[in-house]
Amino acid sequence: MPTYNSNFELTVEDMDLIETSLRHTKAELAAQVDKTGDSAADRDETLRQIHDLLGRLHNQKVFYRPREGAYVGG
């Protein structure tokens, strides 16, 4: 039985495109005003899933700081 691929070969640009697309979709969904309760619940669930996925992507990033010299963050 085949298994899932656990090794993905995505570039930094690919990840940036994915994150940008998810943020754009999240903003569009959040801006929608529904008149029915069922579609609002579906929209809220989708927004929650997108938010969780963006959080998991952020938590997998590795942020680098220089070993020597002053670090200027911002």
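Here the structure is a predicted model, which is why all the values come from computation and not from measurement. Values below: every heavy atom of this structure, side chains too, minus hydrogens, waters and symmetry copies.
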Backbone of Gly55 reached by a side-chain donor or acceptor of Asn59 within 3.5 Å
yes

**Q.** side-chain hydrogen bond (donor to acceptor under 3.5 Å, both in side chains) evaluation trace for Asp42 with Ser39
**A.** CA-CA 5 Å; Asp42 291 341; Ser39 58; over 6 Å; no

So CG of Leu47 and CD of Glu28: to nearest 0.5 Å the spacing works out to 11.0 Å

Smallest heavy-atom separation, Lys26 atom then Leu54 atom, equals CD-CD1, 4.3 Å

When rounded to the nearest 0.5 Å, the distance separating NE2 of His51 from CZ of Arg56 is 11.0 Å

When clusters are formed by joining ILVMFWY residues with side-chain heavy atoms under 4.5 Å apart, either directly or through shared neighbours, do Leu10 and Leu57 land in the same one? yes

Whether Asp44 side chain and Ala41 backbone form a donor-acceptor pair below 3.5 Å:
no

| query | So if you build clusters from Ile, Leu, Val, Met, Phe, Trp, Tyr with side-chain heavy-atom gaps below 4.5 Å, do Met15 and Leu22 land together? | reply | yes

Output for pair (Arg48 CZ, Leu53 CG), nearest 0.5 Å, gives 11.5 Å

Rounded to the nearest 0.5 Å, the CD atom of Glu13 sits from the CD1 atom of Ile18 at a distance of 11.5 Å

